[in-house]
Amino acid sequence: MGLQDQTLLPDARLPSVPGRDASGVASGGVTPAFVTSLRAICSKSGPDAVIWTGDAAGNEAAEEILEMASRDMSTHRAAEAFCVVQPETAEEVAACVGLCASWTPPVVITPRGAGTGLEGGAIPYSGGIVMCTDKLKSVTVHPHDLLAVVGAGVRKNELNKKAAEHGLVFGPDPSSNPSIGGMASTGGSGMTTMKWGTSKENVLGLKVATPQGQLVTTRQPVRKSSTGYEITQLYCGSEGTLGIICELTVKLRRIQPVRCGALVRFPDTASAAAAVVEVLKQDLVSLLKCEMLNAQGVSVTNKMFGTDLPLVPTLFWEFRADALPVVSRDYGTAKRIAVSHGAKEEEMQFADDGQVMDSLWEARRGCYLASLRYRKQVNEKVLITDVCVPLTKLTQCIESTESDFMDAGFPCIICAHIADGNFHALVPYQPHEEKSVRKLESQMIDRAIALGGTVSGEHGVGLGKRDKIVKEHGELHIDIQRRIKHALDPLNIMNPGKVLEWDANMTDGLRSKM
């Protein structure tokens with residue numbers, strides 16, 4: 001399976017890798033001598049620390065690792081993984097990166113966390129090695145400082161299990177179970193952003209392996225720092241194109257014991273969005289999550305879970321507090337606002353018990369699987385989109401997106417982090433329909449940009465949205481980003497072609513443009 005067959009989309013170009021010829025790319029640039037050197041570096045991490053196609057044949061476990069590393073959770077096409085490296089320490093990561101940089105020709109690196117990405121960012125389209133951080137599993141909780149120091153491979157649920165021993169929780173809550181390093185690398189967030197922020201706001205500092213194979217600590221573990229450029233945030237959202245995040249210092253929050261929730265139904269999306277805007281103005285201290293499913297989203301989850309919820313836009317609220325009266329007060333305020341925007345009080349469902357609340361939330365949490373099974377077709381795929389717009393433009397963007405997909409004959413399941421202006425359209429399709437759904441996705445992204453929004457609220461850029469960020473930011477902005485990439489990774493070995501297209505002819509003419 002050659003890399004020339006592994007294009008992301010019919011019109012996408014593979015990234016340019018310096019020092020590569022056709023035969024080098026065909027083997028991924030990985031030779032037996034190079035693999036021997038990698039294994040020497042990772043000798044303490046066990047025999048499976050370096051998996052290579054050259055000697056994996058017949059080893060079922062090794063073949064499975066290589067196959068998994070060829071793809072992520074997106075519908076983007078897979079690309080053969082030639083070599084997967086699984087270090088157990090940051091020092092091993094740095095040494096492996098240094099080897100890649102010093103090899104002739106240099107060997108490119110695709111960093112990988114849990115593989116839950118949705119934009120092709122961890123797919124090794126350029127050959128070389130896949131640097132998997134999944135075994136960087138150290139966790140140290142500092143309860144009195146309300147922070148934790150974690151390896152990049154620690155999963156969200158693993159961190160929260162450790163933090164819960166101290167009555168604490170890591171705030172960002174994606175519906176998947178990603179690695180903490182992957183969350184920071186892509187700017188992931190989830191359903192608690194309205195109160196606790198995205199992963200970027202919850203990262204205090206990083207330990208990063210640079211493209212030259214050095215380890216840099218970006219910040220001291222303090223709540224405030226005013227000491228030069230904030231390079232922590234430079235690496236957050238860079239998707240492994242500037243270095244590999246090996247360790248993170250993250251904020252933790254106290255777990256509040258009272259969990260309550262509610263379902264609130266509206267006649268249309270505009271009414272729901274207007275209610276949310278007014279609710280946010282009240283600054284309700286216990287409101288933690290505010291999500292929405294559109295009518296078709298409710299329909300598919302009814303089919304999945306055997307429920308009979310009315311087919312109208314529905315808000316899902318979660319409240320957290322130390323005492324029930326606080327929640328009751330805030331829910332009362334939110335309920336009055338909802339009624340004033342067309343919700344019927346008698347149709348609202350409120351649960352003052354966490355387990356009952358979880359059952360109410362099944363529809364929201366299960367919308368991906370419900371979408372996948374909705375049409376009951378073999379080989380079904382689901383396009384998962386991600387845009388974010390100003391709250392005042394959300395209704396227009398959602399309703400136009402629904403019309404576009406449904407007019408073309410596709411279901412359009414909307415799962416919205418509505419309080420953030422961020423929504424996902426989940427669109428089931430067959431492989432032969434991919435070109436059509438991608439065209440409609442492109443229209444949706446262009447619309448979001450025109451409305452003052454962004455091409456991605458939390459999934460990142462990868463290769464899937466690389467061309468669209470130029471339209472969002474403009475050439476000068478992208479030129480600045482490219483110069484940062486060129487300065488930190490002049491060999492272009494770190495996840496080449498992701499986020500930004502490499503410009504081999506870049507000059508020093510930025511000053512004349514500013």
Side-chain angles (χ1 to χ4, degrees), residues 8-12 71-77 117-120 175 268-270 272-273 291-305 307 309-314 363-389 393-418 421-451 453 455-459 462-465 467-468:
L8 178 69
L9 294 173
D11 59 346
R71 53 186 168 81
D72 60 10
M73 292 295 289
S74 73
T75 56
H76 298 311
R77 291 179 177 84
L118 293 166
E119 292 298 343
S175 57
D268 50 53
T269 301
E291 301 284 299
M292 189 194 80
L293 284 182
N294 69 341
Q296 191 143 38
V298 175
S299 175
V300 299
T301 54
N302 275 347
K303 195 170 183 178
M304 171 84 173
F305 297 107
T307 51
L309 299 176
L311 303 184
V312 293
T314 302
R364 172 61 185 89
R365 295 187 184 277
C367 56
Y368 170 71
L369 280 178
S371 303
L372 189 62
R373 300 173 184 175
Y374 181 53
R375 301 197 301 181
K376 297 183 178 179
Q377 296 189 27
V378 179
N379 298 322
E380 190 84 316
K381 296 184 177 183
V382 176
L383 174 71
I384 305 175
T385 72
D386 172 43
V387 295
C388 187
V389 296
K393 305 294 185 182
L394 184 63
T395 299
Q396 180 182 349
C397 199
I398 287 179
E399 290 182 343
S400 297
T401 298
E402 288 175 319
S403 296
D404 282 353
F405 281 105
M406 294 173 72
D407 288 349
F410 295 103
C412 184
I413 295 93
I414 300 289
C415 301
H417 308 305
I418 189 170
N422 180 204
F423 73 91
H424 310 299
L426 280 63
V427 184
Y429 70 94
Q430 286 288 296
H432 70 273
E433 299 172 317
E434 180 169 0
K435 186 175 181 180
S436 297
V437 296
R438 292 290 184 186
K439 181 178 180 181
L440 292 167
E441 180 192 25
S442 180
Q443 290 176 199
M444 180 196 72
I445 293 171
D446 290 344
R447 180 184 301 114
I449 295 171
L451 292 172
V455 307
S456 178
E458 57 183 2
H459 291 171
L463 260 178
K465 292 184 175 177
D467 295 336
K468 291 295 184 181

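Computation of the quantities below employed the complete heavy-atom set of this structure, encompassing side-chain atoms and omitting hydrogens, waters and symmetry-equivalent molecules.
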* To do: Please say whether more than 12 non-hydrogen atoms of neighbouring residues, nucleotides or ligands are located less than 6.0 Å from NZ in Lys303.
  => yes
* Taking every non-hydrogen atom, the tightest pair across Gln443 and Asp404 -> NE2-OD2, 3.4 Å
* Asked: Between Gln430 and Lys381, is any pair of side-chain heavy atoms under 4.5 Å apart?
  -> no
* How many angstroms lie between atom CG of Leu440 and atom CD1 of Ile445, to the nearest 0.5 angstrom? -> 11.5 Å
* Structure fact -> Residues Ile413 and Pro428: closest non-hydrogen pair is CD1-CD, 3.9 Å
* Nearest heavy atoms of Glu458 and Asp386, plus distance in Å -> N-OD2, 3.0 Å
* Asked: Do the side chains of Asn294 and Phe423 get nearer than 4.5 Å, heavy atoms only?
  -> no
* Structure fact -> Closest heavy-atom pair, Thr301 versus Cys367, reported as atoms and distance to 0.1 Å, is CG2-CA, 4.1 Å
* Structure fact -> To the nearest 0.5 Å, atom CG of Leu383 lies from atom CZ of Arg438 at 5.5 Å
* **Gap between atom CE of Met304 and atom CG of Leu372 - 0.5 Å precision** => 9.0 Å
* So Phe405 and Phe410, would you call those rings parallel, tilted or perpendicular, with 30° and 60° as cut-offs? -> perpendicular
* Please examine the side chains of Arg447 and Val389, heavy atoms only from C-beta on, and report whether any two atoms are closer than 4.5 Å. => no
* Asked: Roughly how far, to the nearest 0.5 Å, is CG of Leu451 from NZ of Lys393?
  -> 6.5 Å
* **Side-chain heavy atoms of Arg373 within contact of Val300, under 4.5 Å** => no
* Asked: Looking only at atom types and distance, does a side-chain atom of Ser74 sit under 3.5 Å from a main-chain N or O of His76, one as donor and one as acceptor?
  -> yes
* **Spacing of CG belonging to Leu394 relative to OG1 belonging to Thr269, to within rounding of 0.5 Å** => 8.0 Å
* To do: Evaluate whether atom CE of Met73 has more than 12 neighbouring non-hydrogen atoms of other residues, nucleotides or ligands under 6.0 angstrom away.
  => no
* Within-4.5 Å side-chain heavy-atom neighbours: Lys468 and Glu441 -> no
* To do: Hey, could you give me the CG/CG distance between Leu309 and Leu293, rounded to the nearest 0.5 Å?
  => 9.0 Å
* Report yes if some heavy atom in the side chain of Leu311 is under 4.5 Å from a heavy atom in the side chain of Asn302; otherwise report no. => yes
* To do: Verify, without hydrogens or angle tests, whether Asn422 (side chain) and Val387 (backbone) share a donor-acceptor contact under 3.5 angstrom.
  => yes
* Is a salt bridge present between Glu433 and Arg375, judged by a nitrogen-to-oxygen distance below 4.0 Å? -> yes
* For the residue pair Tyr374 and Ser299, establish whether any side-chain heavy-atom pair is separated by less than 4.5 Å. => yes
* **side chain to side chain contact (heavy atoms under 4.5 Å, CB included) assessment of His432 paired with Asn379** => CA-CA 10 Å; His432 70 273; Asn379 298 322; over 6 Å; no
* Return the minimal non-hydrogen interatomic distance between Val382 and Tyr429, and the atom names on each side. => C-CE2, 4.0 Å
* Backbone N or O of Val455 within a donor-acceptor pair of the Lys465 side chain at under 3.5 Å? -> yes
* Do the side chain of Gln296 and the main chain of Cys412 share a donor and acceptor less than 3.5 angstrom apart? -> yes
* To do: Please confirm whether the backbone N or O of Cys397 pairs with a side-chain atom of Thr401, one donor and one acceptor, at under 3.5 Å?
  => yes
* Asked: Are Glu119 and Asp72 close enough, and set up right, to give a side chain to side chain contact (heavy atoms under 4.5 Å, CB included), and what steps lead you there?
  -> CA-CA 8 Å; Glu119 292 298 343; Asp72 60 10; 5.9 Å; no
* Structure fact -> When every non-hydrogen atom of Ala425 is compared with those of Met444, the smallest separation belongs to CB-SD, 4.5 Å
